[in-house]
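These notes concern the structure reproduced below.
These values consider heavy atoms only, across backbone and side chains, with no hydrogens, waters or symmetry-generated copies. Chain letters run A, B, ... following the sequence lines, proteins first, then strands; residues in each count from 1.
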Amino acid sequence: MTTAGADTILKSSHLLGIEALSTGEITALLDLADAYVALSRGANKKTDVLKGRTLINLFFEASTRTQSSFELAGKRLGADVLNMSVKTSSVSKGETLIDTATTLNAMRPDILVVRHQDSGAAELLSRKLDCCVVNAGDGSHEHPTQALLDALTIRRRGRKFEGLVVAICGDVLHSRVARSNIHLLLKMGARVRLIAPRTLLPGDADRFGVEIFHDMRKGLEGVDVVMMLRLQLERMSGAFVPSTREYFRFYGLDAEKLKRAKPGALVMHPGPMNRGVEIDSAVADDIEVSVIQEQVEMGVAIRMAVLDALSRGLAKQGRNAP
Amino acid sequence: MTERIAFRNARLIDPANNLDAKGGLLVENGKIADVGPRLFNDADTHDPEIVDCKGMILAPGLIDMRVFTGEPGSEHRETLESASLAAAAGGVTTIVVMPNTDPVIDEPSLVDFIRRRAAATAKVRVVPMAALTKNLDGEVMTEIGLLTEAGAVAFTDGDRTISNTRVLRRALAYASTFGALVVGHAEDPDLSEGASVTEGEYAMRLGIPAAPAAAEAIIVERDIRLVEMTGARYHFGQISTRASLEAIAAAKKRGLPITCGVAAHNLALNELDVGAYYTFMKVKPPLRSEADRAAMLEGVASGAIDAIVSGHDPQAADTKRQPFAQAAFGAVGLETLLPVALGLHHDARADLSLVLRTLTAAPAKILGLNAGTLAKGAPADLVLIDPNDPFTVREGDLRSRARNTPFEGRNFHGRAQKTYVGGVCVFDRRAKR
């Protein structure tokens with residue numbers, strides 16, 4: 001099992017996005033996460049690589065799934081975990097993001113996990129604080145641990161990234177999950193297709209080096225993996241798409257559309273799902289194709305790997321070395 | 001007793017009179033008494049105060065057509081006094097201040113307040129613009145006649161676009177009755193709602209809400225139509241895209257009374273300077289693509305763009321040290337206006353006389369000010385410029401109360417050495433601060 005002070009995995013002392021990671025760093029994180037999947041499936045799920053460390057989850061947007069995944073990851077590694085959500089903080093009293101963060105910083109956490117509605121919030125905090133910062137989703141920018149857990153899920157299903165064809169479908173415009181996945185998959189040698197109506201795609205989306213499809217059936221032709229994105233219901237009121245039923249008809253994943261994909265193609269979704277909007281229940285619950293539950297399991301393992309990797313950096317700096 | 005200052009051994013540049021020659025200049029009682037190539041050629045002048053310019057440029061003091069301050073209402077950001085200190089250090093002798101204050105400058109007593117406050121505290125001339133609509137709400141026009149009498153030099157809603165075309169049409173028609181100048185901001189309010197940067201690949205990668213560059217030209221083209229209907233004198237305060245420039249150039253060719261300005265930062269920076277969410281790069285209009293930046297440089301060189309402005313907009317740490325989407329727009333610029341403009345000369349894009357015209361004679365003509373010239377009898381508002389003085393911008397060196405410069409760490413050549421307003425030296429770079 002891994003121990004603190006083992007080989008360094010990440011060059012940076014923060015995980016702000018996938019864009020700045022090398023393929024070596026990504027592969028090393030996935031390898032480490034494999035070990036944590038095994039640990040988490042055993043009877044004793046705990047180790048002590050983060051013993052004595054303090055982890056703060058600072059969530060300005062509600063996210064039961066991501067927050068509990070980080071909490072569990074921290075606890076399984078032996079860290080003390082504090083959850084802060086916006087409703088219980090001073091932010092509602094007019095305190096700025098920086099004020100909140102510097103206050104927390106004075107309590108000397110080792111790692112701060114932050115989720116914020118604005119792009120660049122994690123980057124801003126990393127410049128102002130002296131603990132490790134993990135981006136748990138910033139605006140429409142990045143959500144690196146989601147892309148890593150998606151990659152782990154794909155790899156553990158025996159798929160090779162080189163030449164893999166992945167379709168990312170839905171609200172790409174607002175999606176940090178899409179951006180992180182695009183960066184990761186392209187770095188690892190996969191081919192990426194984006195499938196969405198023009199209102200949900202950035203105008204320059206092709207500049208990522210991806211293929212663009214507006215017809216879902218054509219876009220799904222022969223793909224190995226279908227990644228569905230959550231359609232945020234607040235975008236629904238006639239602003240970006242006219243109605244949920246029209247959206248489901250043209251961009252919802254059902255068994256009929258899925259037939260266009262390669263036999264045995266994986267269906268993924270970052271959750272929480274809008275059944276009958278972007279995905280049909282029959283597909284989401286089909287254990288032959290859907291790996292959605294596995295994604296959740298891999299989420300904990302990936303977050304353990306990320307926290308472990310960052311704490312090794314802390315030990316290298318000699319900061320509070322255990 | 002007559003107060004005299006003799007400037008000798010200068011390179012006189014006066015774009016208003018197409019003068020670019022070695023020579024001297026005499027100031028008497030705050031006015032330019034004489035100017036010419038042979039003046040004070042010999043060092044035997046008996047004047048009590050002699051300024052040896054050592055071959056440096058002596059030009060009319062700069063007129064900055066677009067300055068936001070925090071007075072009244074946000075004095076922690078900038079006062080008229082602190083803005084004037086920054087202006088003096090930048091070689092700017094006239095600042096035209098925007099009505100976007102708290103309260104909004106939308107009635108005669110407030111124009112009067114600005115003028116009296118400036119007279120009491122400011123080191124340079126302060127010329128107020130008044131709001132075009134009450135409270136900048138874009139609904140009810142202000143008292144354009146009375147405000148003009150009170151001393152408002154033009155009418156503008158500052159960095160807000162009037163979205164109601166009917167309101168703007170009436171305001172323009174009414175303004176033309178008084179021959180008043182209207183200054184517009186071109187940014188479609190619906191397309192740019194919630195946007196922080198210009199739409200494009202870089203904004204997409206950062207995931208920052210963005211507005212298309214066309215949001216500017218859409219309003220430019222609309223407003224040109226309204227000028228055509230109403231005959232009002234109209235100035236686009238800050239343009240930033242090629243499409244806007246082309247529309248304005250075509251309108252000028254048709255003989256419409258339209259002029260435009262560009263902010264120094266839109267000449268020097270592009271969308272990539274936003275870097276890793278640097279909020280000091282969040283400005284209005286936003287930093288554009290390199291192609292649009294190049295178009296702005298061409299526009300200045302060709303004369304299609306009339307004025308270069310600072311767009312000086314001081315912001316405090318609490319409004320800038322925020323996630324990008326929440327941070328305030330704006331950059332200070334009074335002290336970097338001249339250095340950025342001189343860059344066009346150093347890069348051989350435009351000659352010195354043309355560069356200085358955009359900062360002196362052109363704004364004076366647009367605004368109808370008795371300034372921006374070295375003509376005999378004009379106020380002795382002067383700047384002595386060393387066009388080659390190398391320096392690095394450091395926020396700690398700024399005179400402005402706010403520190404939000406987008407040029408931190410950038411190297412420039414050329415800046416003001418001495419600045420005179422009405423014959424009084426208001427800035428001397430060699431003097432201790």
Side-chain angles (χ1 to χ4, degrees), chain A residues 12 14 16-20 60-61 91 94-102 114-129 135 137-144 171-180 182-183 186 194 201-210 212 239, chain B residues 76 190-215 218 241 243 270-282 286-292 315-329 395 403-404 408-409:
Chain A
S12 168
H14 310 289
L16 303 178
I18 299 293
E19 193 171 11
F60 292 88
E61 271 182 352
V91 173
E95 194 175 60
T96 68
L97 169 65
I98 293 286
D99 291 337
T100 306
T102 48
V114 64
R115 157 73 60 98
H116 197 278
Q117 62 275 14
D118 288 324
S119 301
E123 165 86 37
L124 176 65
L125 290 175
S126 74
R127 286 204 297 264
K128 304 286 180 189
L129 307 187
N135 181 5
D138 64 325
S140 309
H141 179 224
E142 283 230 42
H143 188 358
D171 184 0
V172 177
L173 181 66
H174 301 99
S175 175
R176 50 196 173 217
V177 174
R179 281 173 182 72
S180 287
I182 291 167
H183 289 307
L186 293 179
L194 303 181
L201 276 174
D204 301 86
D206 58 317
R207 300 296 297 271
F208 277 124
V210 298
I212 308 285
Chain B
H76 67 289
D190 296 312
L191 277 175
S192 56
E193 188 185 350
S196 299
V197 292
T198 198
E199 205 168 277
E201 181 185 355
Y202 196 64
M204 174 186 74
R205 285 177 182 274
L206 292 178
I208 306 177
I218 286 169
T241 71
N270 70 22
E271 57 184 339
L272 301 181
D273 287 297
V274 168
Y277 304 96
Y278 298 127
T279 56
F280 285 10
M281 300 292 173
K282 182 173 172 179
L287 301 179
R288 300 291 188 186
S289 68
E290 181 58 17
D292 279 331
Q315 295 293 336
D318 58 313
T319 50
K320 277 294 189 183
R321 210 173 54 181
Q322 294 272 4
F324 203 90
Q326 289 177 32
F329 289 93
E395 59 156 73
R403 298 280 181 241
N404 53 310
E408 172 70 18

Might you point out which heavy atoms bring [X] and [Y] nearest each other, and give the distance in Å?
X      : Y      : result
B/Y278 : A/R127 : CE2-NH1, 3.6 Å
B/G207 : A/R179 : CA-NE, 4.0 Å
B/M204 : A/P202 : SD-CB, 3.4 Å
B/P323 : A/L124 : N-CD2, 3.5 Å
A/H141 : B/R205 : CD2-O, 3.2 Å

Please classify the contact of A/D138 with chain B as side chain, backbone, both or neither, using a heavy-atom distance under 4.5 Å.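 When you check distances to chain B, only side chain atoms of A/D138 fall under 4.5 Å.
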Which bit of A/R207 is near chain B, if near means a heavy-atom gap under 4.5 Å: side chain, backbone, both or neither?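 Answer is both: backbone and side chain atoms of A/R207 are under 4.5 Å from chain B.
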Side-chain heavy atoms of B/Y277 within contact of A/S119, under 4.5 Å: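 Yes, their side chains come closer than 4.5 Å.
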Return the set of residues passing side chain to side chain donor-acceptor pair (under 3.5 Å) with [X] (not counting sequence neighbours), or none when no residue passes.
X      : result
A/D118 : B/Q326
A/E61  : A/R176
A/S180 : A/E142

Heavy-atom pair count under 4.5 Å with chain B, highest-scoring of A/A205, A/A121, A/G139: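 Heavy-atom pairs under 4.5 Å are most numerous for A/A205.
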Looking at chain B, which one of A/I98, A/L173, A/L16 has the largest number of heavy-atom pairs inside 4.5 Å, strictly under? A/I98
Suppose a student defines contact as a heavy atom less than 4.5 Å from any heavy atom of chain A. Which residues in residues 192-201 of chain B would they list?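 Interface residues of residues 192-201 of chain B: B/G200, B/E201.
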How many angstroms lie between CD1 in B/I208 and OG in A/S140, if you round to the nearest 0.5 Å?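 Interatomic distance, B/I208 CD1 to A/S140 OG, rounded to 0.5 Å: 10.0 Å.
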Distance (rounded to the nearest 0.5 Å) between A/E19 CD and B/L206 CG: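 One gets 8.0 Å once the value is rounded to the nearest 0.5 Å.
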